[in-house]
Amino acid sequence: MPLLAYKEQRILSPQQLRKLSEHKYSCFSASLLDPLLQPWWNWLVAQTPLWLAPNLITIVGLILNIVTTLILICYSPNGVEPPPRWTCFLCALGLFVYQSLDSIDGKQARRTNTSSPLGELFDHGCDSISTIFVALSACISCQLGHYPNWLFFQCFCAIALFYCAHWQTYVSGTMRFGRIDVTEAQFSIIAIHLVSAILGPEIWLTKVGFGKIELWYGPAITTIVCGVISLTYVFSIVVAGGVGKNGSTVAGTSVLSPSIPLTLVVLPALMIAQKSPDNIFTEHASVFILAFGMVAAKITNKLVIAHMTKAEMEYLDWSLLGPALLFLNQYFNCIVPEIWLLWFTLAWGTQDLLRYCAQVCLEICQHLRIDLFRIPYSAKVSSTSSVGSQINFGVDKNGSTSHRKSKNKLH
């Protein structure tokens, strides 16, 4: 693809833009923590100036989360060297701020009457990137670099679970969250960082009990159990069939079709990590996770767009160029140093993701005639309800929050 490809051709067709304009957000949540956190979120959004654009709130939180994680990575790039305790505290703080801001941007959009489908897409796009950094920071904080296979599993498990959540949305048309879901996972990781900050990252390598089991097994096994439960729920929805014709997806395609892009990311990553003669994953764990994470974020964003525009999802993508080169290089006995290609994969995947997202946002902004990071008028709070009802979200007939945190932003 030429470097100026995004400028030469539009990504979204007129039909997709029309479908996007008609998109209505649908969400069901049974989260345990969300109702408890609503008072905090409501108070926080009440302190937010009305001129502050919802998407600007989202991006500020994401940037802070990324910066704090990169600081942690600088001190422990492979998750082997124990990072300073203050870096773990910074990650806990950064994740808490991101989680809080990610929870009020939708409230701010409704408060300022600036809701639009772009907000939902922008929110999920930021979440797809944040997932990579959050998972990696948790692994480093737990010192999982001493066990590379577990580090690989934990990070790619987080990436796959996030993708699968949108897979079932593409099938059913409704975003669904269980009692233990994203909010609970985020606060669990905050707790991990705080333990490392208070007791030191080395605490996770402490052996306890009769079997001398190291403490990091606790979070790892919890991830497996929760992951299995979540995937079982997702695939039960997929197998049951979608809302489209003859049980198809919202776009009328096979309910199994989204499995192909995910496989094209995870399977090559596993093969490259296991067969590398230079132990590229063990020696450069953070770069490896970030490189493949950017590719995963790209295909996740394309899945979200496919759902919102009711379009067929493309299987192949130019972000897969880096993984393909790494794979072919191993096949030909590494004629190019693997670390060169790994850094190329990270650089290529990052710029491809950012340029793709920027172009999509630009096209949607032009179509809806709105600005991404600016409210171009003096927003007025709706006069039909009190301030309390404006910033609170309804509860559906099942008692679950019908609008919540990062899963229901229509700004």
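Side-chain atoms are counted along with the backbone in the values below, which use heavy atoms only and exclude waters and symmetry mates.
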Determine whether more than 12 heavy atoms belonging to other residues, nucleotides or ligands lie under 6.0 Å from atom CH2 of W86.
yes
Under a 3.5 Å threshold, yes or no: a donor from one side chain and an acceptor from the other, between Q330 and E338?
yes
Could you check whether D123 and T58, counting side-chain N and O atoms only, form a donor-acceptor pair closer than 3.5 Å?
no
So OG of S137 and CD1 of I71: to nearest 0.5 Å the spacing works out to 12.0 Å
Side chain D352, main chain W318, donor-acceptor under 3.5 Å
no
Is the closest side-chain donor-acceptor distance between H367 and S21 under 3.5 Å?
yes
Roughly how far apart are I289 CD1 and F156 CZ, rounded to 0.5 Å?
4.5 Å
Nearest-0.5 Å distance, SG of residue C157 to CG of residue L231:
6.5 Å
Less than 3.5 Å apart, any donor N or O on the side chain of S172 or T174 sitting next to an acceptor on the other?
no
So, D181 and S31: side-chain donor and acceptor under 3.5 Å apart, yes or no?
no
Crowded around E312 CD? As in, over 12 foreign heavy atoms under 6.0 Å?
no
Looking only at side chains, do S319 and W348 share a donor and an acceptor under 3.5 Å apart?
no
Just to verify, what does S141 make a side chain to side chain donor-acceptor pair (under 3.5 Å) with, not counting sequence neighbours?
H193, S196
Heavy atoms of other groups near Q366 CD, more than 12 under 6.0 Å:
yes
Please report whether the ring centroid of H166 lies less than 6.0 Å from that of H307.
no
Establish, from distance only, whether the side-chain atoms of Y233 and Q168 form a donor-acceptor pair under 3.5 Å.
no
Short side-chain to backbone donor-acceptor contact, N78 and G145, under 3.5 Å
no
Separation between CG of L121 and CG of L118, rounded to the nearest 0.5 Å:
6.5 Å
Gap between atom OH of Y170 and atom OG1 of T253 - 0.5 Å precision:
3.5 Å
